[in-house]
K.L.:
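The structure that follows is given in the form of structure tokens.
Numbering of ligands and ligand atoms starts at 1, following listing order. All residue numbers in this chain count up from 1 along the given sequence.
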Amino acid sequence: MKSKTSNNVQSNTSPNKPQISEDTPVQYVKGVGPARAKLLDKLDIKTLGNMLYFFPWRYEDRKNLKKISALTPGSQETTAGRVISSNVITTPRKRMKIFELTIADETGELTCRWFNQAYLKKYFPRDQKVILSGVVKGNPYSGFGLEMDNPDFELIGTDDKLIHTARIIPVYNATEGISVKQLRTLMFNTIETYSSLVREYMPEDIIRRNSLAPLPWAVREAHFPEECIDISVLNAGVSPAHKRLVFDEFFLLELGLAFLKKKEALEKGISFTYSGTGLINDFMRNLPFKLTHAQERVIREIASDMKRDLPMNRLVHGDVGCGKTIVALVSILIAVENGYQACLMAPTELLAEQHYMNIHNMVEALGLNVALLTSGSKNKVLEDISGGNVQIIIGTHALIQEQVNFQNLGLAIIDEQHRFGVVQRATLRSKGNNPDILIMTATPIPRTLALTLYGDLDISVIDELPAGRKPIITKVFFPSQKDRIHARIKDELSKGRQVYIVYPLIEESEKLDLKSAIDGAEAMKIKYPDNSVALVHGKMKHAEREDAMARFKAGDIDILVATTVIEVGIDVPNASLMLIVHAERFGLAQLHQLRGRTGRGTYDSFCLLLAYPPFSEDGRSRLKAMESTGDGFKIAEEDLAIRGPGDFFGTRQSGLPDLRIANIVRDIKILERARNEAFTLAEAEPELKSYPDLKETLHKKWMGRLELIKS
Ligand code: ADP
Ligand code: MG
């Protein structure tokens with residue numbers, strides 16, 4: 001355990017009480033206790049510090065107390081008055097208890113109802129002064145008089161502080177067992193009592209240069225704004241308090257990344273030689289096409305990394321179909337030519353199989369041995385790997401299991417990295433003696449943003465598609481237009497092309513989805529008696545699936561019905577049409593990935609999106625974006641705008657500290673400044689000796705991951 005630092009602010013503690021700090025388990029916070037601690041744990045609140053940094057997701061303006069006669073039906077309003085009557089009524093039929101309260105001020109009366117909360121009666125004696133906040137409605141029966149259902153209320157004593165009304169109030173994400181109101185009260189008391197524990201750890205000159213508000217103030221303000229500030233500024237997350245907190249989140253993220261990068265730069269890696277002769281020469285001579293300029297450039301960048309005796313950490317980033325596999329393969333050949341093993345890790349078994357088949361075919365002639373390692377692999381494969389019988393190993397997550405020992409791993413490639421995190425990357429690295437690492441992703445991320453998620457990596461972009469690629473014509477259809485869809489499919493089949501039909505597979509309705517894919521395949525067999533139809537899905541036996549895919553690739557199958565298992569990596573140039581069923585249920589990036597399975601040959605290609613209304617506003621935007629652009633970068637930006645950055649980046653899985661308040665899109669300017677400051681500081685203060693508080697905060701934020709990465 002780390003010892004508590006001695007320079008902690010001493011507050012609210014007498015000498016004989018144990019000292020409370022940000023690390024104190026939330027259970028011991030005043031007003032919490034073991035039962036509530038369990039509930040808070042569901043919100044990921046484990047310590048007092050977590051609680052102080054659990055910010056509201058929005059705010060409501062309840063500052064403007066209105067007279068009752070001025071309340072507008074339909075709006076959320078706040079008003080005050082005295083109790084003139086209160087009753088519990090039982091409904092005759094359902095026997096539901098309703099607590100009914102009427103208050104009055106000098107301008108009128110307002111009636112409020114709470115359902116199944118008879119116990120409330122005891123709080124409202126006659127003449128009690130009360131503030132109420134809720135949506136106003138007219139009386140539905142009599143047509144006159146004003147009402148509120150389930151308003152928030154606050155009883156006004158003589159010198160009580162108002163928490164829920166008559167101010168700008170924070171709205172927290174509550175959870176079952178603890179209401180928004182209870183949480184607000186708890187947060188209010190916590191902030192009152194403990195916000196002085198928040199320490200300023202930021203170097204003074206950084207505060208000055210960036211005009212940052214003081215941290216303890218910012219924490220308080222973000223919970224219970226006192227400063228006269230517009231509600232819209234708060235809800236947009238751009239108040240001075242928010243800006244400070246956002247800066248800190250980015251700063252700590254980037255500082256950690258800066259240290260990771262520095263640390264890795266100090267480690268000795270393998271210095272490969274690359275002459276462009278030998279194996280690679282043989283391989284290139286047999287390539288049926290010429291590399292694009294972008295591919296050549298990226299290969300040069302990788303080769304020059306591999307030559308240096310520092311470990312490579314490079315991200316190759318390029319749209320679907322830009323030809324990343326060849327680039328990976330050339331890097332693999334560099335390692336192999338130098339007598340090292342190379343591995344390629346894919347996110348799914350199907351994709352690993354695909355890569356295995358492709359790469360196996362491409363290097364067979366060079367006399368190299370390739371192995372496929374998945375969770376079901378036999379021990380023989382493990383022996384081949386540790387004994388050095390295979391030079392190239394393609395696999396899934398199974399590659400990072402403990403029992404896998406490489407003879408001499410020199411290069412590790414991770415395909416589709418968005419599903420692998422910093423931590424897995426470190427594990428993979430520990431499988432060799434500082435092997436080079438190359439990450440390939442087809443999820444095109446706007447470059448500035450890539451810096452954040454992959455901040456400790458160098459980045460190469462393949463920004464060019466192979467010549468002769470035709471744009472994929474994309475169009476949305478509705479169920480009433482099925483005839484037109486079939487006409488298009490028939491047309492393609494008659495030209496000798498092949499067709500994909502994709503069904504969604506969403507976890508919560510997995511069984512149903514699978515059934516619709518199976519039914520879909522049966523229906524296609526009946527509809528297209530002269531064509532061969534096959535079905536592939538994730539629940540199939542590995543060998544069966546492989547067989548179906550191979551037959552589709554060979555052209556023996558005309559129509560491949562699939563669940564999203566084919567999302568990535570399948571490569572059949574003769575397949576020129578894809579129908580995506582229930583397109584409204586897919587994410588944008590996923591639709592783009594899927595669509596990229598077509599348009600791989602020289603034929604005009606089509607992507608038909610069959611959408612079932614009604615669908616959400618987001619669903620509509622996604623379909624529109626698909627119709628209007630084929631550019632993966634534009635799609636990514638659109639996706640980011642629709643889904644928001646948290647979901648898009650999946651920082652949780654990535655092993656990076658969470659961004660709770662910062663928004664990578666909205667706050668990009670702050671990100672850039674924070675990044676500069678962080679990298680400058682890491683250079684100037686390699687051990688943060690002058691900033692012990694900052695150092696401690698940084699380690700806490702990264703929760704030990706900085707150490708893990710070092711090993
Ligand atoms: P992705 O970047 O999506 O992984 P792939 O590496 O699977 O793309 O390549 C897509 C297709 O393009 C494959 O059929 C591949 O053989 C082909 N290809 C790759 N590079 C070129 C090139 N320079 N010229 C023509 N075709 C290419
Ligand atoms: Mg690929």
K.L.:
Quick one: which ligand 1 atoms are inside 4.0 Å of a heavy atom on L291?
P.N.:
23 (N)
K.L.:
Which atoms of ligand 1 sit under 4.0 Å from any heavy atom of T292?
P.N.:
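Result: 23 (N).
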K.L.:
Taking only heavy atoms of T325, which atoms of ligand 1 are found under 4.0 Å from at least one of them?
P.N.:
4 (O), 5 (P), 6 (O), 7 (O)
K.L.:
Would you please name every residue forming a side-chain contact (heavy atoms from CB on, under 4.5 Å) with S605, sequence neighbours left out?
P.N.:
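Partners of S605 by the side-chain contact (heavy atoms from CB on, under 4.5 Å) criterion, ordered by chain and then number, come out as I472, S576, T598.
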K.L.:
Just checking Y340 against F272, ring centres under 6.0 Å apart?
P.N.:
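Between Y340 and F272, the centre distance is under 6.0 Å.
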K.L.:
Does G321 have a non-hydrogen atom less than 4.0 Å from ligand 1?
P.N.:
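Checking ligand 1 against G321, which is what was asked, there is a heavy-atom contact under 4.0 Å.
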K.L.:
So is there a nitrogen or oxygen of V320 less than 3.5 Å from a nitrogen or oxygen in ligand 1?
P.N.:
no
K.L.:
Would you please name every residue forming a side-chain contact (heavy atoms from CB on, under 4.5 Å) with S271, sequence neighbours left out?
P.N.:
D309
K.L.:
So, are E254 and R675 salt-bridged, with charged N and O less than 4.0 Å apart?
P.N.:
yes
K.L.:
Looking at V336, is its backbone amide N or carbonyl O close enough to the side chain of Q391 to form a donor-acceptor pair, meaning the two atoms are under 3.5 Å apart?
P.N.:
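No; zero donor-acceptor contacts below 3.5 Å.
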K.L.:
What are the two closest heavy atoms between L588 and M626, and how far apart are they?
P.N.:
CD1-CG, 3.7 Å
K.L.:
Looking at K290, which atoms of ligand 1 are within less than 4.0 Å of one of its heavy atoms?
P.N.:
22 (C), 23 (N), 24 (N)
K.L.:
Does a side-chain N-to-carboxylate-O contact under 4.0 Å join E584 and R622?
P.N.:
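Looking at E584 and R622, the cut-off is not met.
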K.L.:
Can R469 be said to touch ligand 1, with heavy atoms closer than 4.0 Å?
P.N.:
yes
K.L.:
What about R597: any of its N or O atoms under 3.5 Å from an N or O on ligand 1?
P.N.:
no
K.L.:
Of the listed options (H355, Q593, K324, Q295), which comes nearest to atom 2 (O) of ligand 1 when hydrogens are ignored and any heavy atom counts?
P.N.:
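Looking at heavy atoms only, the winner is K324.
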